[in-house]
Novice: 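Supplied in structure tokens, the structure appears directly below.
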Amino acid sequence: MSNATKDPIVRGALAHPDVTRLDDVNRDVLKVLATPGKGWWALFSLASLGLVVFFTSWGWQLYRGIGVTGLNSPVGWGVYITTFVFWVGIAHSGTLISAILFLFRAPWRQAIYRAAEAMTVFAVMTAGLFPLIHVGRLWHAYWLIPYPNSRFLWPNFKSPLVWDVFAITTYFTVSATFFYLGTIPDIAAARDRATGLRKKLYQVISMGWRGTDQQWHHFGKAYIFLAALATPLVLSVHSVVSWDFAVSIVPGWHTTIFAPYFVAGAIYSGVAMVITLVVPIRKVFGLEAYLTTKHFDAMAKLCLLTSMIVGYAYMSEFFMAWYSGEEIERTAFWNRLFGTYWWATWIMLTCNMFVPIMLWFKRVRYSIPALFVISIFVNIGMWFERYVIVVTSLHHEYEPFAWGIYRPSLTEMGILLGSFCWFSFWFLLFTRLLPPIAIQELKEVLPPPMRKQKEAHS
Amino acid sequence: MKKRWLIGGLAGVFALAGLAFVQGGGGEGGEGAEGAVETGQPIAFPHNQHAGSEPGQNNMDCQFCHFSAERSVAAGIPSVASCWGCHVAIPGTNHPEEVAKIQGYLERDEPIPWVRIYKISDHAHFPHMRHVNAGLECQECHGEIQEMEVLTKPDEWWTPAKELFFGQDPVWGGDNMGWCVECHRRPDENGEQQASTDCAVCHY
Amino acid sequence: MTDGIKRRDFLKVLGVTGASATLTGCSEPERLLPYVVAPEEITPGVATWYTTVCGGCSAQCGMWVRTREGRAVKVEGNPNHPVSRGGLCSKGHATLQHLYNPDRFHGPMIREGDRLRQGTWDEAEQLLAAQITATGNVMFIGGRMGPSMSNLVDEFVAAVNGTRIEYDAVSDAPLREAARITYGATGLPSYDIANARLLLSFGNDFIETGSSPVAHNKGLAQMSAVDAAGSKGRFVYLGPRLSTTGLNADEWYPIRPGSEAAVALGMAAVIADDAGAAGPYADVLRAYSPAVAAQAAGVSEDSIRELAERFASESPTLAMGPGVGGHHRNATAANIAVMILNHVAGNVGRTVHYDAAVSAATGAYAEMESAVSAMAAGQVGVAIVHGANPAYSMPAASGFVEAFSQAAFKVSFASAMDETAALADLILPDRHFLEAWGDSMPRSDVVALQQPVMQPVPHFDSKSAGDVLLATSVHLGNDFGATTFYDFMRNGHMEMHDDSVGDFETSWRLALRTGAVEHDMGTTAAPSQLQAPDVALSFDAPALDLGGDLTLLVHPSPRFGGGEFSNSPWLQELPDPVSKITWHSWLEMNGTTAEERGIREGDIVRVTSPHGEVEVPVWIYPGIREDAVALAMGGGHTNMGRWANGSGVNALALLPSESEQPSGAMLTLATSVTVTPTGERRRIATIEGSSDQHDRPIAPAVALADLGHVEEAEHDEGHAEFQELQGVGGFVPVPSEGGAATAFPLEGSRHGPYAESHDLPRWAMAIDLDKCTGCSACVTACQAENNVPWVGEEQVMMGRDMNWVRIERYIEHMDATQAGDLDVRMLPMICQHCANAPCEPVCPVFATYHTPEGVNAQIYNRCVGTRYCANNCPYKVRVFNWYRYMDDVPEPMNWQWNPDVTIRTNGVMEKCSFCMQRIRDVENRAALEDGRAINDGEIVPACEQSCPAEAIVFGNIRDENSRVSQVVSSERTYRVLDELLNTQPAVHYLRKVTFHEIASGGHD
């Protein structure tokens, strides 16, 4: 680490002491795209298997009816909505890292943002499926889309569910475009080395990138423009999702803190997921030189911050419930801690508030294995956070006589599991087809050859 | 290259739109229009011969046979006996063999299994009497029945799309909510809309 | 391409012959099947109504039947019937499902070896005649039947010189015997509950069983409803367990099982200044001092004394003796004791009449015992069973099954398979009462005619038992002066007819039209003096077979009666009014008792008596004494039908086969049992979440003392501003306070459709919780009217019951250890049709929205199934179609579906619609009658129509003179959770009125 301080800080970027020559970068990063090893194939076939589970479960549900879930009255939303919110949350950190940190010139994003962005795109793809899985009549779900039709009917723009449609689709479009744009120069780099079919593919999608000044000029403009465009979405999308709950009158949902609370939670889970994904990539493809512990340290700090925001949100919810003096509100939150679903709540609190306390210690932040484990804890905790919000609030509502219990069914579990496989499926493909690390941005932070380092980047 | 993409894309969009309309319009009809023409009726009953006003046609009032249209939600299908009530004396000029079938059904004490042509979805309630008493002509919904030898109505899968772009078909609008709403919305003499478009008026 | 929503599986748009069916999907064309010859009285698409008599149970209530295109689709109470006076119970509604029961026999069945073969009627009648001539010794075991049928049976049996046994599974024999002994009465006493100021029920569950549950339910509601003068009758229940009837009591005396006689006599002793008042029973009265009574009953002597004094002072009062659930070894004596109590309190001739001779199920079990022994002895050649199912309804200990198989030839008239028919050699499927002629005489001065309302269901080749008997008699060479039962019956009435009241035809027609005729019998003077008993009586606590430490209480189920109703999915899924459990059986046990034994709710226990044992899950119930457990009849059918079989356990397995003396009734309270956990558990199929209101303003009550100033009691700070809120979208004119709105809507209210200029009606409902008895008739009525599917035990356990009406039963105060106040709140929870509905803004596609008429509509075909509306509904009245439940409804059960209501498909939300189809129907009718206005009370939702308590009122609240506006103007009016959420419901509730003080703002 010591030599890191000696390195010149180009635009405040983290140094990569072990990387000296620019074509090392191409070599190291692009070797990732070489023919996959056994490990990759193992994971890939596992993911594909999961996809089979996923679509079989969904097919079964479509065939038999939504009743194959454990849902009932009063608990009309369960694992599906939980998982939907979970994946939307995951989707957030990508854009945060690539767009917001880009605008704020954060030093450490270059090495990880590509993976984060890919994660975003695939996470939104996953999340987007769940509303469809959830509705009772999928074949009529298109009624939520406003278009002139032979019924002279429009969707109800008052309903948060319609806002969701807009939020998710917009977010997917923008983040996908942003992701694609950023990859173009690297695809070109890959193209120059690739052969055969791969080459053809890269030729098409690199859109004839030659790396001329003019192209770089347009690229830079377009990139910063899209970054600016994407930034507000990071905040808006999960706020909208949170309103699915906040707009209702369900005790435990009807809370003004939800928007910031959800956004923080989203970034929290997102960063954790980035760690979970980047650690193996780093190991498997030997990218230690590019993904230094400093990067992980930075991500860990972001986790720590967001975990404290989330923890504050939990506490304030309980406090407000008590402070309001509203009996029904109080009962709802008491029930959250000590009711039927106490275990879910305590898993949530442990994983999201207590475990991350360890991140205060530098030793932990610099220990990759430790971070990996913690990040997984956080992922679990954040899923349960949504489960707690959705299920415990619904199962004890206003009408005591109508209180009920919800037990997730096998089908729901199959689809939950499948959604992870669906995500991994795409992510694994990504690691094979696109450079998982932004080559051109890395090069920017390296000392350019044939120049004195003093004048570097004059 | 670019051009081909464009064409492809547009084609895709239209295909989707088409699908949507099928779902939206004709789709909900469920069974109904299909097989009106290809499925022959058990008796080749010529509406024009009965209700037509051409020379040689009998110019009968629709409600002579569809007896409950003005007092019930259902227009009613004439009983076999009531067909025979006239045809016992009228052997029929063009197709006596078809007329003779009626007697067969009567003697076998069997209902005539007419194939249904006009059908609104089961989740939409259409009270005939309200419309008849509001002064609507049967033709406004059913088309120029009195001129049809074989009943048919233009309700193909593309009908709703066609109507969206080229306006309502002057005849029977198919099982298409727009067709109903468009008429309910028309202003009456006071310039107010002539019938309610409240959903629960028809759907309950 | 089809949307899957079918209005009905046959076409409503035209007259339809039986065999029609809609073909869904695009493959096959849909067929239109006209009548061959159209019946005049039927207009396709327009309902035709007939009056008839409910053949469901011995109460014989008056019925209206709605038929569409020649099919009965709904039964309703007939307000013109002099006994039932409108309203119908759940069982009555469910008779429709017995009519269309797919398990009915398809024709006469003849046994060949161990299988049954379907034969022709002629063949069957020949066979019966042949067997009778061959073997002789005919024994006719008949359940309850109309007078004409009864006469026919008598003549038939006489002609073949056989014997006739009258048998009712659920019988009021002890009451009848007691009435005979004490007053020489011929029938059951008739009670005038409505006019009693203090009503005592000694374990008599009169709104569930007995001579006329519907009428008694109505009476109870009228009695306990607070009148204009602000007074209401008080209801005290004395018994070991609170039944549905008991839950409506104001006070509960949890007396020891079998101690009714002691308590009644103890009270009589207090009332009667000298024992002589009890005439021949004077010395009995002397023997039972309040002290003795208290000793026997396990309640304090003071409480008995004090109750007795009130019983004397607050006259007119009324006491009712133990019913079927309390048939112990001294049941007749107990009923006599209660009669003595009524006598000394001077109620005879005022609230209880012995001259009306109410006829009800009173067949004596003793006769069956003799029948069994006769059959066992092989003295019976041809055993004919009609209208009874003794193989199920007699305790296993009776040995009926073995004895019955001793008979040379066994005949059953069961229309569907049951345990007895399964043993028969010949089955002659009887018609359902909606398909057949008959008559009834619920009271000696009332004759009601039962006419067929439709052609027999074509799937089943059935024939009315009367016709079969007549046809067989012809084969036997006997002539009863008629070839059809209709003629036989009509002749009988013609003979009875008294020409002074006008010619026969007229009164016959009248009877058919109105459903019943009342002819003055000339009141026979009420016997004023008690007669000395002509049999030995013991008023002591009855002996119990010692099987353990807990007394077993077996009672008829409010849903299944004695088990004859069990094969109806509606009733199986109807939550029991007491336990709220569906489908399976449960053992009621007091919490303390369970705790002592380490038993938790849902534990499956083995209940062992000297006579048998059953395994059944426990339900913890504070409304039963700690020394008793209770089990309902009607479960555990082995061979009845797809819905009854295997559902629950048969409580009779635990009972001895013994008859009470002198009445000869079957004992239901005869043994104690041991309860041992099996170690297994199960989920109870209940709809109940919590029976505690958790201090929420859901079912508040008001003390009688507080009437007249409820508003003040309710006032708290912030009330005024709430009232301002209320102006927005609200119904109730708001008293002007600090510039708040004086009437709905506020100036500039954005609720356009509700603006005063808007002249559409505003539909609303009022439910008087002071009248509601929780009998749950409305639940089944709604299910029948609105095509609400049943979902099955598994689904109910998952919390997916679909009933649109949920009768919430909140237990406020219930103490099984001492006599005291009882406070149970019954609340029929339906869609509240909020003007400010939480469900509406969250629906993404406007599938739920507000109509200009103030109804919260649910457009099924628009619903995408996000279920957000259900989550956001604070009342939890929205139910979801998790599967295609209606697709599982077997032919011809689907013939019952209401053609005016859309059948909902998989993935669609649904809920109460205020019976939108009925609103539209009346609107259409009014429009046809040159656009006349709709009269108040012309639109009657199914729940209001069937409510025996007349607790529900529906109408246009915008019209100040409408009934609903009148009712709502009461100070007791409140709207559930409205003050909390400002939902502005259209459903208004009137607080229950209690005698005891209510703590904390109306909801304690």
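Below, read A as the first sequence line, B as the second, and so on, with proteins coming before strands; counting in each chain starts at 1.
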Novice: Please answer whether the main-chain N or O of A:Val390 pairs with a side-chain N or O of A:Ser393 as donor and acceptor at a distance below 3.5 Å.
Specialist: no

Novice: Pick one of side chain, backbone, both or neither for C:Pro874, based on which atoms fall under 4.5 Å of a heavy atom in chain A.
Specialist: both

Novice: What residue, out of C:Asp692, C:Asn872, C:Asn871, has the most heavy-atom pairs lying under 4.5 Å from chain A?
Specialist: C:Asn871

Novice: Have C:Gln795 and C:Trp790 got a donor and an acceptor in their side chains that come within less than 3.5 Å?
Specialist: no

Novice: Would A:Arg386 pass as a cation-pi partner of A:Phe86, given that its NZ or CZ must be under 6.0 Å from the six-membered ring centre and within 45 degrees of the axis?
Specialist: no

Novice: Please rank A:Asn72, A:Val165, A:Asn156, A:Leu394 by heavy-atom pairs under 4.5 Å with chain C and give me the top one.
Specialist: A:Asn156

Novice: Relative to chain C, which segment of A:Glu397 carries a heavy atom at a distance below 4.5 Å: side chain, backbone, both, or neither?
Specialist: both

Novice: Counting only non-hydrogen atoms closer than 4.5 Å, does C:Tyr875 touch chain A with its backbone (N, CA, C, O), its side chain (CB onward), both, or neither?
Specialist: both

Novice: Is the shortest distance from a Lys or Arg side-chain nitrogen in C:Glu808 or C:Lys876 to a carboxylate oxygen in the other one below 4.0 Å?
Specialist: no

Novice: Are C:Arg800 and C:Phe880 in a cation-pi contact, defined as NZ or CZ under 6.0 Å from the six-membered ring centre and within 45° of the axis?
Specialist: no

Novice: Has A:Ile145 got more than 12 heavy atoms of other residues, nucleotides or ligands less than 6.0 Å from its CD1?
Specialist: yes

Novice: Among A:Pro251, A:Pro155, A:Pro131, which residue has the highest count of heavy-atom pairs closer than 4.5 Å to chain C?
Specialist: A:Pro155

Novice: Could you check whether any side-chain heavy atom of A:Tyr314 comes within less than 4.5 Å of a side-chain heavy atom of A:Ile257, counting everything from C-beta outward?
Specialist: no

Novice: Who wins among A:Asp164, A:Asp244, A:Leu138, A:Ile81 for the most heavy-atom pairs under 4.5 Å with chain C?
Specialist: A:Asp244

Novice: C:Met829, C:Arg809, C:Arg878: which one forms the most heavy-atom pairs within less than 4.5 Å of chain A?
Specialist: C:Arg809

Novice: Based on non-hydrogen pairs under 4.5 Å, which of A:Gly76, A:Gly136, A:Gly65, A:Pro400 is most in contact with chain C?
Specialist: A:Pro400

Novice: For C:Leu981, which atoms come within 4.5 Å of any heavy atom of chain A: side chain, backbone, both, or neither?
Specialist: side chain

Novice: Counting heavy-atom pairs closer than 4.5 Å to chain A, which one of C:Val845, C:Val879, C:Asp801, C:Asn881 comes out on top?
Specialist: C:Val845

Novice: Just wondering, more than 12 heavy atoms not from C:His694 lying within 6.0 Å of its NE2?
Specialist: yes

Novice: For A:Phe245, is it the side chain, the backbone, both or neither that has a heavy atom under 4.5 Å from a heavy atom of chain C?
Specialist: backbone

Novice: If you measure only the distance, is there a donor-acceptor pair under 3.5 Å linking the side chains of C:Glu573 and C:Trp583?
Specialist: yes

Novice: For atom OH of A:Tyr323, is the number of surrounding heavy atoms from other residues, nucleotides or ligands below 6.0 Å larger than 12?
Specialist: no

Novice: Heavy-atom pairs under 4.5 Å with chain C are the metric here; pick the option from A:Val68, A:Thr331, A:Val247 that has the most.
Specialist: A:Val68

Novice: Quick check on A:Trp253 against chain C: is it the side chain, the backbone, both or neither that has a heavy atom closer than 4.5 Å?
Specialist: side chain

Novice: Using a 4.5 angstrom heavy-atom cutoff, name the option from A:Val162, A:Leu71, A:Thr69 with the most pairs to chain C.
Specialist: A:Leu71

